[in-house]
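Below: the structure, in structure tokens.
Here is how names work: the chains are called A, B, and so on, in the same order as the sequence lines, proteins then strands, and each is numbered from 1. Note that these values count all heavy atoms, side chains included, but never hydrogens, waters or copies made by symmetry. The shown structure was predicted, so the numbers you read here are calculated from the model rather than taken from an experiment.
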Amino acid sequence: MTVFALVDGNSFYCSCERAFDPTLRNKPLVVLSNNDGCVIARTQEAKDRGVKMAEPWHIASKRPGAKDIIWMSSNYALYGDMSRRLYDVLAAHAPAVEPYSIDEMFLDLTGIPDPVALAHRVRAAARRIAKIPTCVGIGPTKTIAKLANKAAKSYRTDAGICDLSTEAARAATYAAMEIGDVWGLGPAAVAKLARLGVATVADFMRLPNDEVRELLTVTGARTHRELSGVSCIPFSQAPTTRKSLAVTRSFGRAVTRWPEMEQALAAYATRAAEKLRRHGLVAGGVQVFMRTNPFSKDPRYVSQATFGIETTADTLVLIKDVVRAGEHIWRDGYRYAKAGVVLLDLVHPAERPRDLFPSTDRESRARLMTALDTVNLRYGRRTLSPAAAGIGHASWSMRRQKLSPQYTTCIDEILSARA
DNA sequence: TCTGGGGTCCTAGGACCC
DNA sequence: TCTGGGGTCCTAGGACCC
């Protein structure tokens, strides 16, 4: 039986700022996004004053009661550094750590005699050494650990730790938690479930898995299984290579002339190429997009172009290609609010993708398909062969699946089944 | 007036192939 | 008149995450 913990830095960006400026303690504080547009972190004191996550600051700051809130521009170099400190503290206490985001890390506590005691030690050390207050959620799957973390945050009396390892603990908590609190179920899923009268996690668990799959596709079904205690999202310490990389910006002022857009795209392409080299990767494709402001009443226009590039392309060639693609999708007469450059299909230059589908005789291919079906079903995915599943037509993209990390984790299993 | 900047995965459907 | 079945590759778009 697996045991996972999710450690989450409370109001992480704000806590980082407080670590370096103790006068900010006990004060309402928010950290804003680039251009100081939106609120991306809030202390409890700021939450108490009604500031919402991702709210435009020009709205939130005007509310009565928000006058004493201190705001800061974001400092990602600092937050990245603090994140590494937090990682070091966790790695010193737990057998395995998987960073999930800048402020969240999963621990694999399988086989640890007293996970809750360890969680207490981790929290104390994180506060003492990294100066970051944290909450810890514990459960047999990542989704349950995430939910436990949420619960630990909600019930502030609870010492910042919530353990949902046992069925009994889950039964009590699920009835009290809204379905929207579940990792993986967003607004669209919540709306669909509401139509079935599903409001709490307990309601959700009363639905059969097949029905969930029908309603929310394979991802929803996987979440459902995870909540029932079956671990479907594997723990992995090895950092995965990123698959894409983007440089996008909202313009401070609407762009209406091509030369301005051209300059912006050239700058984005340059930054993207820098990032690419910093990671030691090469790209197989590029996407260029531009759009008008979706919040405005102005005529709307959204367009993007995707094209392949030689992985050896240097920055100047990339800029030229990006600008040419941008010119292609540019239309006069619109007020552009945002544009970006995305590099796709990133790989390490030396890396050769493993060939899962060697051209073989009919019979061994059929055996491979059967093996894939088995594995896919176990991981809550739609089965590979549409014919085998009685589904009308093939919409299954082999390429996508090959690149999917979850698929990769099953490679050995598949290959051994094939043998 | 002012509404972030990144990411991942899944589904659908068209073009094309044998 | 009948109009397959199994596949690849690509684009577009939705949904979700932090």
Out of curiosity, A/Leu316 CG to A/Asp321 CG, how far, rounded to the nearest 0.5 Å?
11.0 Å
For the CD atom of A/Glu211 and the CD atom of A/Glu214, what is their distance to the nearest 0.5 Å?
9.0 Å
Between C/dC18 atom P and A/Met105 atom CE, what is the distance in whole Å?
14 Å
OP1 or OP2 of C/dA15 versus the side-chain N and O atoms of A/Lys192: is any pair under 4.0 Å?
no
Taking the side chain of A/Thr217 as heavy atoms from C-beta outward, which of B/dT8, C/dC18, B/dC10 is closest to it?
B/dC10
Residues two or more places apart in sequence or in another chain: which of them pass salt bridge (charged side-chain N to carboxylate O under 4.0 Å, His left out) with A/Glu17?
none
Ranking C/dA12, C/dC18, B/dG6 by distance to the side chain of A/Asp103, first place goes to C/dC18
Hey, is the side chain of A/Thr219 poking within less than 4.0 Å of OP1 or OP2 on C/dA15, counting only N and O atoms?
no
Please pick, from C/dA12, B/dT3, B/dT11, the nucleotide with the shortest atom-to-atom distance to any side-chain atom of A/Gln304.
C/dA12
Under the criterion salt bridge (Lys or Arg N to Asp or Glu O under 4.0 Å), I'd like the reasoning laid out for A/Arg42 against A/Glu55: C-alpha separation, chi angles, the key distance, then a yes or no.
CA-CA 11 Å; A/Arg42 320 157 285 164; A/Glu55 196 177 21; over 6 Å; no
Assign each of A/Cys38 and A/Lys275 the nucleotide of DNA chain B bearing its closest heavy atom; nearer the 5' end lies the nucleotide of A/Cys38
Euclidean distance, atom CG of residue A/Leu276 to atom P of B/dG7 [Å, nearest integer]:
11 Å
Rounded to whole Å, please give me the gap between CG in A/Leu216 and C1' in B/dT11.
14 Å
Which distance, rounded to the nearest 0.5 Å, do you find between the OG1 of A/Thr292 and the NZ of A/Lys338?
12.0 Å
In whole angstrom, what separates A/Glu55's CD from B/dC2's P?
17 Å
Which pairs count as side-chain hydrogen bond (donor to acceptor under 3.5 Å, both in side chains) when at least one residue sits in residues 246-270 of chain A, sequence neighbours excluded?
none
Return each pair, listed once, that meets side-chain hydrogen bond (donor to acceptor under 3.5 Å, both in side chains) where at least one residue sits in residues 182-195 of chain A; pairs must be two or more places apart or across chains.
A/Tyr100-A/Trp183
Figure out the CG/P separation between A/Leu344 and B/dG7, and round it to whole Å.
11 Å
A/Arg213 has an atom CZ; how far is it from atom P of B/dC10, in whole Å?
12 Å
Over 60° means perpendicular and under 30° means parallel, so classify the ring planes of A/Tyr76 and A/Tyr13, tilted if in between.
perpendicular
If you look at every strand shown and take non-hydrogen atoms under 4.0 Å, does A/Leu245 touch a base, only sugar-phosphate, or nothing?
sugar-phosphate
Please determine whether a side-chain nitrogen or oxygen atom of A/Ser244 lies at a distance below 4.0 Å from atom OP1 or OP2 of B/dT8.
yes
Can you work out whether A/Arg271 or A/Ile59 has the more 5'-proximal nearest nucleotide on DNA chain B?
A/Ile59
Run the side chain to side chain donor-acceptor pair (under 3.5 Å) check on A/Ser11 and A/Arg18 step by step: do they pass?
CA-CA 10 Å; A/Ser11 312; A/Arg18 278 176 168 174; over 6 Å; no
Using a 5.5 Å cut-off between ring centres and planes within 30 degrees, is A/Tyr100 stacked on the base of C/dC18?
no
Residues within residues 180-189 of chain A bordering DNA chain C, heavy-atom distance below 4.0 Å
A/Val182, A/Trp183, A/Gly184, A/Leu185, A/Gly186, A/Pro187, A/Ala188, A/Ala189
Does A/Lys146 make a side-chain N or O approach to OP1 or OP2 of C/dC18 shorter than 4.0 Å?
yes
A/Arg253 vs B/dC2: side-chain N/O to OP1/OP2 distance below 4.0 Å:
no
Integer angstrom distance from the C1' of B/dC16 to that of C/dG4
16 Å
Nearest 0.5 Å, please: how far is CZ in A/Phe4 from CZ in A/Phe106?
8.5 Å
Side chain of A/Arg242 (C-beta onward), nearest among B/dG7, B/dG6, B/dT3:
B/dG7
Please give, in whole Å, the distance from B/dT8 P to A/Asp345 CG?
11 Å
When we call it a touch if two heavy atoms are under 4.0 Å apart, what does A/Glu104 touch: a base, just sugar-phosphate, or nothing?
sugar-phosphate
Give DNA chain C the dot-bracket treatment, 5' to 3': Watson-Crick (N1-N3 with N6-O4 or O6-N4) or G-U (N1-O2, O6-N3) under 3.5 Å, [ ] crossing, | other strand.
....||||||||||||||
Using the test salt bridge (charged side-chain N to carboxylate O under 4.0 Å, His left out), find all partners of A/Asp103 that sit at least two apart in sequence or belong to another chain.
none
Closest listed nucleotide, where the reference is the side chain of A/Ile40 and the choices are C/dA12, B/dG7, B/dG4
B/dG4
Atom CZ of A/Arg300 to atom C1' of B/dT3: distance rounded to whole Å?
13 Å
